[in-house]
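Only one structure is covered here, and it is reproduced in the block below.
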Amino acid sequence: MPKSKISASRKLSLKMLLLTRACEDLEKEKLEREEEKVRYLGEKLPPLQLSGLSLDELQKLCKQLHEKIDVVDEERYDCEHKVVKHNKDIHELKLKVQDLGGKFKKPALRKVRVSADEMMRALLGSKHKGSMDLRANLKSVKKEDVKQDKVLTSEVGDWRKNVEAMSGMEGRKKMFDTGGGAQ
């Protein structure tokens with residue numbers, strides 16, 4: 001590597017000169033902005049002469065000033081909206097440039113087991129109250145109940161036998177007797 005021809009003290013003195021020059025330029029810009037502001041306000045806002053005006057003329061003047069204020073507020077709002085939109089566009093373009101540069105590597109994603117409560121807490125933050133146990137609302141089925149159902153269905157047997165047994169007057173009499181119709 002070739003050695004630098006400028007000494008360290010010379011570099012430092014050049015940096016100091018650049019910094020002082022930049023400070024002077026900033027001060028000049030501030031003064032210019034203030035002068036521009038005063039000039040602009042002088043053009044847009046002529047001095048008010050309120051002496052010798054009647055009540056009606058003062059009211060008209062106030063209405064005119066309010067209309068001008070509304071127009072200026074609309075312009076200010078539009079300008080702010082444009083600035084916000086441009087800032088978003090700039091941010092998106094910076095992200096695209098980063099992606100195209102290829103310096104940003106996407107991390108490898110891992111499978112993570114998260115319960116419903118943890119998911120809701122992560123999404124809603126402190127608004128999430130109570131637990132959300134999804135299994136709590138499910139109907140529980142006992143194995144004994146299933147076995148009893150099988151036994152009941154096997155006892156019924158053939159439906160044709162029941163129809164034949166209940167047909168005729170005897171069958172109807174049996175229904176009334178077993179129905180608890182003791183009078």
| remark: Result for side-chain contact (heavy atoms from CB on, under 4.5 Å) between I90 and one of K88, E92, K94 points to K94
Check for me, please, whether [X] and [Y] land in the same ILVMFWY cluster - side-chain distances under 4.5 Å, paths through other members count.
{"X": "L14", "Y": "L19", "answer": "no"}
{"X": "L48", "Y": "L58", "answer": "yes"}
{"X": "L65", "Y": "L50", "answer": "yes"}

What is the distance from atom [atom1] of [X] to atom [atom2] of [Y], rounded to the nearest 0.5 Å?
{"X": "D70", "Y": "E67", "atom1": "CG", "atom2": "CD", "value": "7.5 Å"}
{"X": "K11", "Y": "S7", "atom1": "NZ", "atom2": "OG", "value": "9.0 Å"}
{"X": "L12", "Y": "I6", "atom1": "CG", "atom2": "CD1", "value": "12.5 Å"}
{"X": "K30", "Y": "D25", "atom1": "NZ", "atom2": "CG", "value": "12.5 Å"}
{"X": "Q59", "Y": "L61", "atom1": "CD", "atom2": "CG", "value": "11.0 Å"}
{"X": "L93", "Y": "L100", "atom1": "CG", "atom2": "CG", "value": "10.5 Å"}

| Would a 4.5 Å heavy-atom cut-off, applied to side chains only, mark L95 and H91 as touching? | yes
| message | I want to check something: taking the side chain as every heavy atom from C-beta on, are R10 and S13 in contact at a cut-off of under 4.5 Å? | response | yes
| request: Assess whether side chain to side chain contact (heavy atoms under 4.5 Å, CB included) is satisfied between T20 and M16, documenting all intermediate values. | output: CA-CA 6 Å; T20 54; M16 294 302 290; 5.5 Å; no
| message | I'd like to know if R76 pairs up with E80 as an ion pair, taking the criterion as any Lys NZ or Arg NE/NH1/NH2 lying under 4.0 Å from an Asp or Glu carboxylate oxygen. | response | yes
| query | Should E36 and R33 count as an ion pair when the cut-off is N to O under 4.0 Å? | reply | no
| request: Could you go through the salt bridge (charged side-chain N to carboxylate O under 4.0 Å, His left out) check for R39 and E43 one step at a time? | output: CA-CA 6 Å; R39 185 187 59 75; E43 290 176 3; 2.7 Å; yes
| task | Can you see which heavy atom on R113 is nearest to which on E118, and at what distance? | result | O-OE1, 4.3 Å
| message | Given 3.5 Å as the limit, does a donor-acceptor pair link the side chain of E74 with the main chain of V71, or not? | response | no
